[in-house]
There are 2 protein chains.
Amino acid sequence: MRSTRAFRPSAVLKTDVVGEPLPDHAFSLPERQAVYRAIHERRDMRHFSGGSVADDQLQRLLSAAHHAPSVGFMQPWRFIRIRSRPVRESVHALVEQERLLTAQALGEREDEFMRLKVQGVLDAAEVLVVALPPGREAHVFGRRTLPEMDLASAACAIQNLWLAARAEGLGMGWVSIFCPLKLGRLLDMPEGSKPIAVLCLGPVHAFYDQPMLQAENWARRAALADLLFEDGWGRPAGMPAPASASAS
Amino acid sequence: MRSTRAFRPSAVLKTDVVGEPLPDHAFSLPERQAVYRAIHERRDMRHFSGGSVADDQLQRLLSAAHHAPSVGFMQPWRFIRIRSRPVRESVHALVEQERLLTAQALGEREDEFMRLKVQGVLDAAEVLVVALPPGREAHVFGRRTLPEMDLASAACAIQNLWLAARAEGLGMGWVSIFCPLKLGRLLDMPEGSKPIAVLCLGPVHAFYDQPMLQAENWARRAALADLLFEDGWGRPAGMPAPASASAS
């Protein structure tokens, strides 16, 4: 477990120091710093310290999720809170089953992957399954050419929940290592619905100071400048790269 | 244009008043309020007031996006900033073309939909196209059974950008009304890449006090309690519904 490296808002919000005028409707400087702090200190957590999440706290988090944007305002998110220990253990068993299959599919990186455990499904204070509801084909607005925008909306909801959890001092991990058909059957999901996330949520001993997969040398954060083009793919953008773009 | 209804953090963060102990690592009360404020006051904007976004401000927003979670830390997001006016007009023309096709597909709701313009693509200070990169099939971690998790990660990045923009006082709209093949061709995207968003970003006269599609009576926000189950689909959760769950 690593200690938390403090987020330095001054590294992000430099303009306020030099007094550049802000647009109307901007939050105050401390408010903006808080939003950036949540964004930069959020981590995909795999280690939890047990404990519990108060009901009203969980309601705030779920309400934050529910206030995400959605394509055509279709709100394509459903949350199944796993309270039964046997059901939770069955969810964990499905994750463990897929973990082995993924490791095999990874081939030469199998050993490396196998060290990344999914114990969080058993240890976290709360487990929430997020699913897309049935009947989504009735929603055409913004989805005629991109039907997968329902998933995009649900992901925005999960990101809201994640950031709110970080602000509340709770860790969260998004586990997508499961067979959606099997998990759907386990939780009596109707035909046409689809589980997209097993969220592990709860108190943690410490937040990682960098993404766990980077600490484990699985991958490194790319330089932002390499991901940014101008007017067409591969054409470098003219903006200077910020000093902190790949810092954490 | 509607006036902005103030967000009341007291309606969200009730527990602090009664002094319930917070977990370690929790942000301060004003910081938590700021994070919830961004989440609850963010809107999918369609009306912009021109102006500009400073380069360092745009860098902060893009860096916020780049610090989103991603499946297997694959960072499957690329940003194309549209600076050329003719390119922007071509993007708008593609959106307008698909808007007409969507309206026809909507049948009886066609007239209603046609009132919802996509003028923001022309008016916003900035237009950013977000795309998934080619070569994603090499990333198996967390995607063997759910390959669409790349899109989910990119959506989290867009949500980060959205919340940071709101804190900075900038509006953003996610337009998904376009043909991805045509937009890909327009922007020289390589085979295997896919555009998922045309983001309109910039100063606005005012933020909507409720989602625009709700104000336009297109749809209403569901009650959170109806979206929350326990241990299986359709089994009502035992938690009391919060007073503010469907308030804004």
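First the proteins, then the strands, lettered A, B, ... as listed; each starts at 1. Treat the numbers as computed from the prediction; the structure is a model and nothing was measured. Below, each value reflects all heavy atoms present in this structure, side chains not excepted, and no hydrogens, waters or symmetry copies.
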J.: I'd like to check Glu168(A) versus Tyr36(B) (side-chain heavy atoms, cut-off strictly below 4.5 Å). Are they in contact?
T.: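 A side-chain contact under 4.5 Å exists here.
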J.: Pick whichever of Glu31(A), Arg42(A), Glu148(A) has the most heavy-atom pairs under 4.5 Å with chain B.
T.: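 So the answer, after comparing Glu31(A), Arg42(A), Glu148(A), is Arg42(A).
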J.: Which region of Leu146(A), side chain (C-beta onward) or backbone (N, CA, C, O), has a non-hydrogen atom less than 4.5 Å from a non-hydrogen atom of chain B, or is it both or neither?
T.: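 Side chain of Leu146(A) only, per the 4.5 Å heavy-atom cut-off to chain B.
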J.: Can you tell which part of Ile80(B) gets under 4.5 Å to a heavy atom of chain A, answering side chain, backbone, both or neither?
T.: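 It is both, since atoms from each part get that close.
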J.: Only pairs of heavy atoms separated by less than 4.5 Å count here; which of Asn160(B), Val53(B), Leu186(B), Val175(B) has the most with chain A?
T.: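 Of the options given, most contacts go to Asn160(B).
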J.: May I ask you to decide whether Glu230(B) forms a salt bridge with Arg235(B), counting only side-chain N to carboxylate O separations under 4.0 Å?
T.: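 No, no charged N to carboxylate O under 4.0 Å.
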J.: Mind ranking Ala157(A), Ala154(A), Ala165(A), Gly72(A) by heavy-atom pairs under 4.5 Å with chain B and telling me who comes out on top?
T.: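 Answer, by heavy-atom pair count under 4.5 Å with chain B: Gly72(A).
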J.: Nearest heavy-atom pair of Ala68(A) and Cys156(A): which atoms, and what distance?
T.: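 For Ala68(A) and Cys156(A), the tightest heavy-atom pair comes out as CB-C, 3.8 Å.
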J.: Which region of Arg78(A), side chain (C-beta onward) or backbone (N, CA, C, O), has a non-hydrogen atom less than 4.5 Å from a non-hydrogen atom of chain B, or is it both or neither?
T.: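 The answer is both parts of Arg78(A).
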J.: What part of Ser193(A) lies closer than 4.5 angstrom to a heavy atom of chain B: side chain, backbone, both or neither?
T.: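 Contact with chain B involves the side chain of Ser193(A) alone.
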J.: Could you tell me if the side chain of Arg221(A) sits less than 4.5 Å from the side chain of Gln214(A), heavy atoms only?
T.: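 The answer is yes; the side chains approach within 4.5 Å.
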J.: Please rank Met149(B), Arg99(B), Met74(B) by heavy-atom pairs under 4.5 Å with chain A and give me the top one.
T.: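 If we count pairs closer than 4.5 Å to chain A, Met149(B) comes out on top.
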J.: What option among Thr102(A), Asp226(A), Ile177(A) has the most heavy-atom pairs under 4.5 Å with chain B?
T.: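 Heavy-atom pairs under 4.5 Å are most numerous for Thr102(A).
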J.: Pick whichever of Leu163(A), Thr145(A), Val127(A) has the most heavy-atom pairs under 4.5 Å with chain B.
T.: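 Heavy-atom pair counts peak at Thr145(A).
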J.: Chain B heavy atoms under 4.5 Å from Leu183(A): which part of the residue, side chain, backbone, both or neither?
T.: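 The answer is neither part of Leu183(A).
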J.: Against chain B, work out which of Trp77(A), Phe79(A), Phe178(A), Trp174(A) has the most heavy-atom pairs shorter than 4.5 Å and name it.
T.: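 Highest number of heavy-atom pairs under 4.5 Å: Phe79(A).
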J.: Cation-pi between Arg37(A) and Phe27(B): NZ/CZ under 6.0 Å from ring centre and within 45° of the ring axis?
T.: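 Because its charged atom sits under 6.0 Å from the ring centre and within 45° of the axis, Arg37(A) does stack over Phe27(B).
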J.: Counting only non-hydrogen atoms closer than 4.5 Å, does Leu101(A) touch chain B with its backbone (N, CA, C, O), its side chain (CB onward), both, or neither?
T.: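 Answer is both: backbone and side chain atoms of Leu101(A) are under 4.5 Å from chain B.
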J.: Excluding sequence neighbours, so at least two apart, what forms side-chain hydrogen bond (donor to acceptor under 3.5 Å, both in side chains) with Asp44(A)?
T.: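 Arg46(A).
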J.: Answer whether the closest heavy-atom distance between the side chains of Ser63(A) and His40(B) falls below 4.5 Å.
T.: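 In contact.
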J.: At a heavy-atom separation under 4.5 Å, does Pro195(A) approach chain B through its side chain, its backbone, both, or neither?
T.: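 For Pro195(A), the contact with chain B is made by the backbone alone.
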J.: Non-hydrogen atoms of chain B under 4.5 Å away: do they reach the side chain of Ala131(A), the backbone, both or neither?
T.: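 Side chain of Ala131(A) only, per the 4.5 Å heavy-atom cut-off to chain B.
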J.: Does a side-chain heavy-atom distance below 4.5 Å link Arg81(B) with Leu58(B)?
T.: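 When only atoms from C-beta onward are counted, Leu58(B) and Arg81(B) do touch, with a gap below 4.5 Å.
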J.: Mind ranking Ala152(B), Pro133(B), Ser153(B), Ser28(B) by heavy-atom pairs under 4.5 Å with chain A and telling me who comes out on top?
T.: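 Top option by heavy-atom pairs under 4.5 Å: Ala152(B).
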J.: Among Ile196(B), Leu227(B), Leu128(B), single out the residue with the greatest number of heavy-atom pairs under 4.5 Å to chain A.
T.: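 Max contact count across the listed options: Leu227(B).
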J.: Between Val140(B), Asp231(B), Asp188(B), Val129(B), who has the most heavy-atom pairs with chain A when the cutoff is under 4.5 Å?
T.: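 Option with the greatest count: Asp231(B).
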J.: For a quick test of reading the model, state the closest non-hydrogen atom pair linking Ser176(A) to Val71(B) and the distance between them.
T.: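 Closest pair (atom of Ser176(A), atom of Val71(B), distance): OG-CG2, 3.9 Å.
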J.: Tell me, for Ile158(B) versus chain A, whether the close heavy atoms (under 4.5 Å) come from the side chain, the backbone, both or neither.
T.: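 The answer is neither part of Ile158(B).
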J.: In terms of heavy-atom pairs under 4.5 Å with chain B, which of Ala34(A), Ala219(A), Ala155(A), Ala167(A) leads?
T.: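 When all of Ala34(A), Ala219(A), Ala155(A), Ala167(A) are compared, Ala167(A) has the most.
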J.: For Arg143(A), what residues pass the salt bridge (charged side-chain N to carboxylate O under 4.0 Å, His left out) criterion, not counting sequence neighbours?
T.: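 For Arg143(A) the salt bridge (charged side-chain N to carboxylate O under 4.0 Å, His left out) partners, ignoring immediate neighbours, are Asp150(A).
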J.: Given the options Leu187(B), Val204(B), Ile39(B), Val91(B), which has more heavy-atom pairs under 4.5 Å with chain A than any of the others?
T.: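 Option with the greatest count: Ile39(B).
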J.: Grab the two heavy atoms, one from Val87(B) and one from Ser84(B), that are nearest each other, plus how far apart they are.
T.: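 Heavy-atom minimum between the residues: N-OG, 3.0 Å.
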J.: Report yes if the side chains of Met45(A) and Met172(A) come closer than 4.5 Å at any heavy-atom pair, otherwise no.
T.: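 Sidechains of Met172(A) and Met45(A): no contact.
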J.: Please look at Leu181(A) and chain B and tell me whether the side chain, the backbone, both or neither of the residue comes under 4.5 angstrom of a heavy atom of that chain.
T.: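 For Leu181(A), neither part sits under 4.5 Å from chain B.
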J.: So, do Leu213(A) and Phe141(B) sit near enough that their side-chain heavy atoms are less than 4.5 Å apart?
T.: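 Yes, side chains in contact.
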J.: Quick check on Arg220(B) against chain A: is it the side chain, the backbone, both or neither that has a heavy atom closer than 4.5 Å?
T.: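 The answer is the backbone of Arg220(B).
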J.: Hey, could you give me the CZ/CD distance between Arg144(B) and Gln104(A), rounded to the nearest 0.5 Å?
T.: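 Here the rounded value is 8.5 Å.
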